[in-house]
Amino acid sequence: MMKKLWPHARPYAPWILAGVACSAMEAVFELLIPLVMSDIVDVGIANGDQSYILRKGALMIVLAVASLCFGLGAAVTSSVAGMGFGANLRRAEYDHIQTFAFSNIERFSTASLVTRLTNDVHNLQMSLMMSMRLMVRAPVMLVAALFFSIRISYRLSSVFLVALPLLLAVVAVLLTTTGPLFRSLQEKTDALNLVVQENLAGVRVVKSFVREDREREKFAQRNDDLKNTSLRAFGRVVINMPLMMLIVYGTIIAVMWFGGQMVYAGTLEAGKLITYFTYITQIMMSLMMVSMIFMMLTRTVACARRVAEVLGEVPAISDEGDPAAEPADGSIDFDHVFFKYSAESSEWILEDVSLHIPSGKTVGILGGTGSGKTSLVSLIPRLYEADRGTVMVGGKPVAAYTMENLRESVSMVLQKNTLFTGTIRENLLWGNPEATEKELWAACRAACADEFLERMPDGLDTDLGQGGVNVSGGQKQRLCIARAILKKPKVLILDDSTSAVDTATDAKIRAAFAGELKDATKLIIAQRVASVREADLILVMDGGRVVAQGTHGELMETCGIYREVYQSQQEGGSIDG
């Protein structure tokens, strides 16, 4: 675990060392002050020597100022190291997530990854900051104060023989019981974030089905689970304080009892007893700080393991292709391809798929729900990896290319249309950052997006809001298609991407492809036979297999499934896809 986290703290090693040194010196100078105070009481006041008192008083001020300066230095260095470590860790974790295949992301869940990027990393950076201060200051003060206490009175220090084992026992019990609770606490945070994320992302669905009450119940349940787990975890941490104080005050009472008798008997000076009280308080406070550090580290270890899991996750799809290789054209081949989402699954999503699609052709894909249409096209840009067989683009296996070069040649408009916060122009430029105004409008015309863009007062500079909430579903689809066209890909995949537009607009978009992307291979997953009727090749899928392929006329004669779908739609019906 430390091997994965330390490299992100290494650049701040000088700051960490400086902070440790400052914390240690702060504690040392603070510990010298009671010794000077003892001299003032036992020598200066006892002898009535005012000049001695002033000299020692000035020395106390110097020691206090030195301790303050080192304390400030420790605060600054710990802040720089802690915040820098957190920033490096978040960047590394985020960059590593970008290499994940869909299956890796699904293993963690989006909500859990968000928690690990934010909450868990925040806890780690705060732990580093606190550790630089407390994990140095507390042990130094503990050892030094114990040394000076024994030096003042070895006999009186025997009180610690009872107090220390009690303190250690309390810490040990709390550590063993709070560790599992803190791990559970982070998991409950994941669960709560998942509910919030789903509710906000699907707020329109929630409201359209009038399910606000049900969502409130789900949130309340997860929120209560988090609250109850937090109460159990932090309740046990909080109980540490009164138990510690009970032992501390018991120790002080014992020192007062035995120390007072020693002063009365003349075997211990009053100033030494006052100094002893200061040191014993520092010892007890140091022990309390050490116990709090261990409590903090219990949660830190839980967070560190979660972050290390993400950093240690091996991407399901390796990127070892030739950086110089690029698809020569848009031809696509499937050679006895088998695929399933989970290795433990007993059923194949795609089973023994073999087909050849020449470059520049338009291919329609039809099939019922769960027939494997989306899975088939997802293998082309390596969003998923085939378990058996070979997928080829441009005459080479997709693994022969780097994912960057492969995906630069493949443009895919997914079932779920995603637009990002910003203007329409900024979203379109995802397709081609160097696109000119003329090219942007040409792509919008090809996708029939110009029809509504020209009515917008700011045109391409219209702000879309979060997730494109300012446009309708059909408008969002057309903008996503325009973005894909701007990429000028060798392969264009439309995964049911015109379902929210009318048939006339759908026809215009398909006609525009012939001009804008005449050399690109176009794969169109559609619900309507009309959307793929004029395609060069139509694939009919069922149960993860390509059960038929051909033109519209050929399939009407040879494929019963295709003929039934066509006839039902001609009669005004529809099918699920």
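Heavy-atom basis, side chains included; hydrogens, waters and symmetry copies ignored.
Taking 4.0 Å as the cut-off between side-chain N and carboxylate O, Arg222 and Asp225 do not count as a salt-bridged pair.
Taking each heavy atom of Met132 and Ala81 in turn, the nearest pair found is SD-CB, 3.8 Å. In plain terms, the two heavy atoms of Arg116 and Val121 that are nearest each other are O-CG2, 3.2 Å. In terms of heavy atoms, Asn123 sits closest to Thr300 at O-OG1, 4.5 Å. Across all non-hydrogen atoms, the minimal contact from Met412 to Ser378 is CE-OG, 3.9 Å. Shortest non-hydrogen contact noted between Asn405 and Pro323 is ND2-O, 2.8 Å. Val36 and Leu63 get closest at one heavy-atom pair: CG2-CD1, 3.8 Å.
The number of heavy atoms from other shown groups lying within 6.0 Å of CE (Met130) does not exceed 12. Residue-environment remark: OH (Tyr94) stays at or below the threshold of 12 foreign heavy atoms within 6.0 Å. Summarising the local packing, CD of Gln50 is surrounded by 12 or fewer heavy atoms from other residues, nucleotides or ligands at distances under 6.0 Å.
Taking CG of Leu453 as the reference point, atom CG of Asp458 lies at 11.5 Å (rounded to 0.5 Å). Interatomic distance, NZ of Lys56 versus CG of Leu54, reported as 13.0 Å (0.5 Å rounding). Interatomic distance, Tyr341 OH to Glu106 CD, rounded to the nearest 0.5 Å: 8.0 Å. Atom CE in Met60 sits 6.0 Å away from atom CD1 in Ile33 (nearest 0.5 Å). The structure places CD of Gln125 at 8.5 Å from CZ of Phe85, a figure rounded to the nearest 0.5 Å. For the atom pair Arg382 CZ and Thr402 OG1, the distance stands at 9.5 Å (nearest 0.5 Å).
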Take Arg407 and Glu404 through the salt bridge (charged side-chain N to carboxylate O under 4.0 Å, His left out) test and state the conclusion after the steps. CA-CA 5 Å; Arg407 291 172 183 173; Glu404 181 179 356; over 6 Å; no
Step by step, work out the side-chain hydrogen bond (donor to acceptor under 3.5 Å, both in side chains) result for Ser230 and Asn228. CA-CA 5 Å; Ser230 299; Asn228 294 333; over 6 Å; no
Could you give me the CA-CA distance, side-chain angles and deciding distance for Tyr12 and His8, then say whether ring-ring contact (aromatic ring centres under 6.0 Å, His included) is met? CA-CA 8 Å; Tyr12 294 92; His8 310 294; over 10 Å; no
Go through the steps for Glu93 and Arg90 under the test salt bridge (charged side-chain N to carboxylate O under 4.0 Å, His left out), then give the verdict. CA-CA 5 Å; Glu93 197 174 354; Arg90 275 191 297 271; over 6 Å; no
As a quick check of understanding, evaluate salt bridge (charged side-chain N to carboxylate O under 4.0 Å, His left out) for Arg214 and Glu217, giving each step before the final call. CA-CA 5 Å; Arg214 172 58 183 155; Glu217 290 174 9; 3.7 Å; yes
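Inter-residue side-chain proximity for Leu464 and Thr421 is flagged as unmet; no heavy-atom pair is nearer than 4.5 Å. You'll find the side chain of Glu309 stays beyond 4.5 Å of the side chain of Lys4, heavy atoms only. Counting only heavy atoms from C-beta outward, the side chains of Leu486 and Leu440 approach each other to under 4.5 Å. Side-chain contact check for Ile97 versus Phe108: every heavy-atom pair is 4.5 Å or farther apart. With contacts defined as side-chain heavy-atom distances shorter than 4.5 Å, the pair Thr189/Asn193 qualifies. With a 4.5 Å cut-off on side-chain heavy atoms, Thr110 and Ile105 count as touching. At least one side-chain heavy atom of Tyr52 sits less than 4.5 Å from a side-chain heavy atom of Arg55. No side-chain heavy atom of Arg232 sits under 4.5 Å from any side-chain heavy atom of Leu185.
Checked against Leu124 for a side chain to side chain contact (heavy atoms under 4.5 Å, CB included), the options Leu89, Asn119, Val301 give a single hit: Leu89.
Using a distance-only test at 3.5 Å, with no hydrogens or angles considered, no donor-acceptor pair links the side chain of Lys188 to the main chain of Thr229. For Asn427 (side chain) and Phe420 (main-chain N/O), a donor-acceptor pair under 3.5 Å exists by modelled atom type. A distance-only check finds a donor-acceptor pair linking the side chain of Asn432 to the backbone of Glu434 [under 3.5 Å]. A donor-acceptor contact shorter than 3.5 Å links the side chain of Thr115 to the backbone of Ala111. When atom types are taken as modelled, the side chain of Thr423 and the backbone of Asp461 share no donor-acceptor pair closer than 3.5 angstrom.
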Can you give me every donor-acceptor pair (side chain of residues 313-322, partner residue at least two apart or in another chain, under 3.5 Å) with its distance?
unit_1: Glu313; atom_1: OE1; unit_2: Arg107; atom_2: NE; d: 3.2
unit_1: Glu313; atom_1: OE1; unit_2: Arg107; atom_2: NH2; d: 2.9
unit_1: Glu313; atom_1: OE2; unit_2: Asn104; atom_2: ND2; d: 2.8
unit_1: Glu313; atom_1: OE2; unit_2: Arg107; atom_2: NE; d: 3.3
unit_1: Asp319; atom_1: OD1; unit_2: Met403; atom_2: N; d: 2.9
unit_1: Asp322; atom_1: OD1; unit_2: Ala324; atom_2: N; d: 3.0

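By the 30° and 60° cut-offs, the orientation of the rings of Phe29 relative to Phe70 is parallel.
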